[in-house]
Protein chains: 2
Amino acid sequence: MKLSEGVEAAIHCAATLAGVEDGATMPGSALAAQFDLSPSYLLKHLNAMTAAGVLESVPGPAGGYRLARAPERISLLDIVLAVEGPQPAFRCGEIRQRGSVKLPASAYVKPCGINVAMLRAEKAWRAVLASEKLSDIVAGFMNDADPRSVAAACAFVERYQRPQKSSSLKRQERK
Amino acid sequence: MKLSEGVEAAIHCAATLAGVEDGATMPGSALAAQFDLSPSYLLKHLNAMTAAGVLESVPGPAGGYRLARAPERISLLDIVLAVEGPQPAFRCGEIRQRGSVKLPASAYVKPCGINVAMLRAEKAWRAVLASEKLSDIVAGFMNDADPRSVAAACAFVERYQRPQKSSSLKRQERK
DNA sequence: GGAGTTGTACTCGGATACAAGGTGTCCGAGTTGGCAGGG
DNA sequence: CCCTGCCAACTCGGACACCTTGTATCCGAGTACAACTCC
């Protein structure tokens with residue numbers, strides 16, 4: 001059992017995006033540079049989060065990614081499911097039905113007890129992940145992390161975020 | 001995130017082995033036939049459980065596998081860790097340290113908050129798995145499953161289990 | 001000087017190679033049980 | 001008839017290919033900004 005390596009990158013990127021101002025965006029290339037990752041590959045995960053409704057993407061110059069909703073309403077479970085897919089970790093193959101002794105299908109109406117137990121464990125895992133909001137991660141970072149690290153992160157966000165340009169707003173008003 | 005497919009087979013085999021009498025064994029080929037699996041491949045997982053101390057194996061004719069201890073003292077977590085390995089699902093690659101802005105190592109003495117959160121979730125997962133004993137699985141199967149299925153399973157165990165031969169005991173006494 | 005138009009540069013998005021771990025299979029080492037031979 | 005030695009069959013154990021999934025990369029579509037040209 002191993003989680004995809006991209007989950008770590010996705011959460012870090014989401015936490016970084018939580019620091020940008022409302023409506024502002026940050027290009028994927030900047031996020032990739034922050035963690036020394038392949039830009040093209042990171043796009044894959046950012047795209048997955050966009051498809052899942054966790055992020056929003058705006059194309060064109062001065063475009064990039066931003067959170068689709070407030071950090072308080074984004075949980076780690078949302079990010080993990082977006083990257084890994086919604087399927088549970090344990091997939092019951094119903095091997096109890098296959099084998100030397102064949103029984104009619106009516107003998108297997110009750111669900112497999114092993115599957116139930118494994119799904120119960122995964123449910124607990126998801127519950128903890130759902131309770132961990134992105135805002136908690138950011139708050140914990142601000143409080144506990146080294147001040148130098150916090151300052152560097154804030155400087156990075158300030159450096160690379162692309163605020164919603166006023167001109168585009170003007171154009172919308174003009175229309 | 002996906003669990004190995006062998007986990008399901010391993011748990012089913014362990015549950016079957018819980019039905020054999022004390023000291024008796026069941027060959028891996030019989031377990032493979034019960035679930036229509038490749039015998040050679042199933043051996044891999046049974047071997048892993050043996051290495052982890054969950055099962056015991058006896059070689060030679062009339063040999064096979066048996067539980068290393070009572071079903072009440074074997075949890076699903078033991079089996080999962082034996083097959084999947086003890087490493088946690090989320091491995092923090094410390095990507096926060098890599099990137100464009102380099103800080104001295106003294107800035108990263110505190111653990112990564114994301115890693116802490118993910119490990120906390122996995123801890124809950126493991127706690128549920130540790131509380132699910134193999135005896136509970138067997139008891140649930142006996143109570144809830146279809147009577148035909150229970151009868152078939154009992155018949156299978158009775159059919160293929162190899163009791164500790166009296167001759168070997170005699171030989172031990174003789175020595 | 002101002003508005004319209006065109007070109008360019010930057011962004012995301014999907015399609016395409018490479019690699020690793022899980023899956024599946026094969027062959028070898030070890031041990032016990034049965035059988036034959038001898039006492 | 002009983003004991004002893006040998007043979008053979010069955011077991012687990014580790015080493016070897018195959019394939020799906022995740023990793024990494026490249027190229028193309030789309031859009032906003034900026035400069036240029038025309039009025």
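Just so it is clear, the model here is predicted, and its values are computed rather than measured. The sequence lines fix the lettering, A, B, ..., with proteins before strands; numbering per chain opens at 1.
- Looking at residues two or more places apart in sequence or on another chain, you find a salt bridge (charged side-chain N to carboxylate O under 4.0 Å, His left out) between B:Glu122 and B:Arg126.
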Return the polar atom pairs (N/O with N/O) between nucleotides 19-23 of chain C and the protein under 3.5 Å, or none.
residue, atom, partner, partner atom, Å
C:dT23, OP1, B:Glu5, N, 2.8
C:dT23, OP2, B:Ser4, OG, 2.6
C:dT23, OP2, B:Tyr41, OH, 3.0
C:dT23, O5', B:Tyr41, OH, 3.1

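- Residues forming a salt bridge (charged side-chain N to carboxylate O under 4.0 Å, His left out) with B:Glu5 (at least two apart in sequence, or on another chain): none.
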Which protein N or O atoms sit under 3.5 Å from an N or O of nucleotides 9-13 of chain D?
residue, atom, partner, partner atom, Å
D:dT11, O4', B:Gly60, O, 3.1
D:dC12, OP1, B:Gly28, N, 2.9
D:dC12, O3', B:Ser57, OG, 3.4
D:dG13, OP1, B:Ser57, OG, 2.8
D:dG13, OP2, B:Tyr65, OH, 3.1

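- The salt bridge (charged side-chain N to carboxylate O under 4.0 Å, His left out) pairs that include a residue from residues 50-63 of chain A are A:Glu56-A:Arg66, where partners are two or more places apart or lie in different chains.
- A:Arg148 CZ: more than 12 foreign heavy atoms inside a 6.0 Å radius.
- Distances shorter than 4.0 Å separate some side-chain N or O of A:Ser38 from OP1 or OP2 on D:dT25.
- Taking all atoms of both residues into account, the shortest heavy-atom contact from B:Glu8 to A:Cys92 is OE2-SG, 3.6 Å.
- Residues forming a side chain to side chain donor-acceptor pair (under 3.5 Å) with B:Asp136 (at least two apart in sequence, or on another chain): none.
- The local environment of CZ in B:Arg73 is sparse, with at most 12 non-hydrogen atoms from other residues, nucleotides or ligands closer than 6.0 Å.
- At distances below 3.5 Å, at least one donor-acceptor pair connects side-chain atoms of B:Asp78 with backbone N or O atoms of B:Ser75.
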